[in-house]
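Counting begins at 1 with the first residue of the sequence.
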Amino acid sequence: MISTMAAIEDPALATWLAGVGIACRTGDVTGSRPKTGIRVLHMSEMTQATHRDILVELADGAPMLVRARGGMPAQLRFGLADMAFGHALIAELLRPAMRPACGEPESAAFLGLAARVAQSDATVLVLGETGTGKEGLSRYLHDRSARAAGPFVAVNCAALPETMLEAMLFGHQKGSFTGAGAASDGLFRAADGGTLMLDEIAELPLVLQAKLLRAIQEREVLPVGGTKPIAVDVRIVAAANRDLAAEVAAGRFRADLYWRLNVLPMTCRPLAERRLDVRAITAALMIRHVRADEAFPWPTTTALDRLMAHRWPGNVRELENVLQRGMLLRAGERLDAGDLVLGATVPAAVVADAPVVEPVATRLYGAAVPKLAEVARNVQAQAIADALATTGGHRVRTAELLGISERTLRYRMAEMRTAA
């Protein structure tokens with residue numbers, strides 16, 4: 001609910017919130033305080049507020065966000081120049097936990113469709129480039145489904161060793177292979193009663209694709225070393241960053257599995273096509289990375305313009321990296337355009353101004369000698385990141401550019417994620 005006084009001072013707020021899928025009614029705050037729900041009140045109504053509410057005020061001067069803590073409600077103050085980001089922050093504070101952040105009306109409509117799709121128990125195929133929010137959408141589908149009280153299990157098919165994939169997915173019996181000292185249920189049974197997200201499904205070997213198809217069709221799994229199938233009640237959400245139809249045509253993906261997965265396809269658009277989402281996701285990421293007891297480094301309008309104009313080949317992951325660097329290295333109290341490094345290299349001026357910290361190895365041994373293996377890993381990781389940015393995240397072209405096989409690229413990326 002938005003109080004009448006807050007709505008009079010900021011009449012655009014309710015319309016903007018409705019446009020991004022957060023409907024709020026306007027009403028009076030007098031009377032008994034509600035036990036649940038979040039209200040947007042005017043700063044002058046503080047005596048009527050609970051710790052769950054949001055106090056807002058339009059005023060000139062430096063914008064302000066004080067997070068809710070110590071029993072006090074969240075407080076925002078901003079002028080007309082900072083109103084757009086102020087509204088994005090309010091939407092973020094009102095947003096339900098599992099609903100992805102959005103600022104585009106088209107994105108809000110897409111999430112509305114996802115909420116309807118969630119009511120079905122049919123398999124969903126989520127497509128989109130790396131970093132576009134496929135796992136966030138999958139979690140939202142689970143949260144809005146009848147299975148929300150059950151487990152949500154996400155597995156990255158590219159990050160698991162091929163020799164262990166079958167046992168990891170379907171479970172195994174004790175002694176069924178070398179090292180199997182105890183039985184394991186596997187991820188299908190771990191997700192029983194809930195949702196199993198199979199990320200990067202295109203990376204599954206063809207042999208396992210056939211077994212996955214049977215598990216989905218028959219709703220049962222056969223553990224490695226077992227003789228009797230076990231029934232499972234799992235909803236499948238599969239995700240891929242490649243065109244599965246093209247993978248079928250190339251003989252790398254089974255056509256029957258593709259059609260079994262492609263019941264309800266949903267495509268996450270690249271961040272470059274969702275300019276207003278950039279602002280909303282920026283608000284979400286900054287709230288996530290700034291502690292409640294820290295001063296909030298409100299971005300300037302020029303900083304937001306620069307963020308919304310960038311192409312974001314790395315999508316949301318790249319945006320998060322840029323924001324974290326910017327907040328860490330910013331020169332002033334606000335996050336400005338000059339603080340944003342849109343690339344992998346920190347400006348030389350920033351490095352030159354950074355304080356010199358004597359390495360521990362120098363203090364102990366008189367010299368800091370980096371390990372060659374660590375240097376090699378860092379160089380390799382940077383080369384892979386640069387190649388992925390060049391190809392827009394396309395792994396086949398990235399592998400060709402680097403002169404390695406696609407499987408080797410998958411293993412290297414899995415190592416990078418583990419190291420991070």
| Do any N or O atoms from the side chain of Asn315 and from the backbone of Leu271 form a donor-acceptor pair under 3.5 angstrom? | yes

| Taking all atoms of both residues into account, what is the closest heavy-atom pair of Trp16 and His87, and its distance? | CZ3-O, 3.3 Å

| remark: Sorted by chain and number, sequence neighbours left out, salt bridge (charged side-chain N to carboxylate O under 4.0 Å, His left out) with Asp243 holds for none

| said: Contact between Val290 and Met327 at the side-chain level, heavy atoms closer than 4.5 Å - yes or no? | reply: yes

If you look only at distance, which donor and acceptor atoms sit under 3.5 Å apart when one is on a side chain in residues 71-84 and the other is two or more places apart or in another chain?
unit_1, atom_1, unit_2, atom_2, d
Arg77, NE, Glu57, OE1, 3.0
Arg77, NH2, Glu57, OE1, 3.3
Asp82, OD1, Arg334, NH2, 2.8

| query | Hey, are the side chains of Asn262 and Leu244 touching, using non-hydrogen atoms and a 4.5 Å cut-off? | reply | no

| request: For Leu335 and Ala303, work out which heavy atoms get closest and say how close. | output: O-CB, 3.4 Å

| note | Output for pair (Arg147 CZ, Asp192 CG), nearest 0.5 Å, gives 8.0 Å

| Does Arg214 have any salt bridge (charged side-chain N to carboxylate O under 4.0 Å, His left out) partners at least two apart in sequence or in another chain, and if so, which? | Glu220

| note | Hits for salt bridge (charged side-chain N to carboxylate O under 4.0 Å, His left out) against Arg254, two or more places apart or cross-chain, chain-then-number order -> Asp256

| query | Glu200 side chain to Val155 main-chain N or O, any donor-acceptor pair under 3.5 Å? | reply | no

| Do you know the tightest heavy-atom contact between Arg39 and Ala49? | NH2-CA, 4.0 Å

| task | Give the ring-plane orientation class for Phe85 versus Trp298, where under 30° counts as parallel, over 60° as perpendicular and anything between as tilted. | result | perpendicular

| Do Arg95 and Cys102 come within less than 4.5 Å of each other through their side chains, counting heavy atoms only? | no

| field | Residues which pass ring-ring contact (aromatic ring centres under 6.0 Å, His included) with Phe253, listed by chain and number, not counting sequence neighbours | value | none

| query | Are Thr132 and Thr267 side-chain neighbours, meaning at least one heavy-atom pair lies under 4.5 Å? | reply | no

| field | Sidechain-backbone polar pair: Thr4 side chain, Gly27 backbone, donor-acceptor under 3.5 Å | value | yes

| query | Does a salt bridge link Arg99 with Asp143, judged by any charged N lying under 4.0 Å from a carboxylate O? | reply | no

| Heavy-atom distance under 4.5 Å between the side chains of Cys268 and Leu127, does that happen here? | no

| said: Show the nearest heavy-atom pair for residues His42 and Ser44, with the distance to one decimal. | reply: ND1-OG, 2.8 Å

| request: Answer whether the closest heavy-atom distance between the side chains of His142 and Val237 falls below 4.5 Å. | output: no

| Does the Arg235 side chain pair with the main chain of Thr123, one donor and one acceptor, at a distance under 3.5 Å? | no

| query | Is a side-chain donor or acceptor of Asp53 paired with a backbone partner of Ile38 at a separation under 3.5 angstrom? | reply | no

| said: Whether Asp199 and Lys134 form a salt bridge (side-chain N of Lys/Arg under 4.0 Å from carboxylate O of Asp/Glu) is what I want to check. | reply: no

| said: Between Leu342 and Val322, is there a side-chain heavy-atom distance shorter than 4.5 Å? | reply: yes

| remark: Contacts of Arg288 meeting salt bridge (charged side-chain N to carboxylate O under 4.0 Å, His left out) (sequence neighbours excluded), chain-then-number -> Glu320

| request: For Glu92 and Ile287, work out which heavy atoms get closest and say how close. | output: CG-CD1, 3.5 Å

| task | Could you check if a side-chain atom of Val278 sits within less than 4.5 angstrom of a side-chain atom of Leu304, using non-hydrogen atoms only? | result | no

| All ring-ring contact (aromatic ring centres under 6.0 Å, His included) counterparts of Phe110, not counting sequence neighbours | none

| query | Does anything in residues 272-281 pair up under side-chain hydrogen bond (donor to acceptor under 3.5 Å, both in side chains), and if so which pairs, sequence neighbours excluded? | reply | Ser107-Asp277, Arg274-Asp277

| Asp28: partners by side-chain hydrogen bond (donor to acceptor under 3.5 Å, both in side chains), with sequence neighbours left out | Thr30

| said: Test of understanding: with side-chain hydrogen bond (donor to acceptor under 3.5 Å, both in side chains), list the residues that count as partners of Asp305, not counting sequence neighbours. | reply: none

| remark: Heavy atoms of Ala280 and Gly103 approach each other most closely as CB-N, 3.6 Å

| task | With sequence neighbours excluded, give me every salt bridge (Lys or Arg N to Asp or Glu O under 4.0 Å) pair touching residues 60-76. | result | none

| request: Check for a donor-acceptor pair, side chain of Arg325 on one end and backbone N or O of Val341 on the other, with a separation under 3.5 Å. | output: yes

| task | Name all pairs fulfilling the side-chain hydrogen bond (donor to acceptor under 3.5 Å, both in side chains) condition that reach into residues 244-253, sequence neighbours left out, sorted by first residue then second. | result | Arg242-Glu247, Glu247-Arg252

| said: Quick check for you: to the nearest 0.5 Å, what is the distance between Thr195 atom OG1 and Leu141 atom CG? | reply: 8.0 Å

| query | Arg311 side chain to Pro313 main-chain N or O, any donor-acceptor pair under 3.5 Å? | reply | no

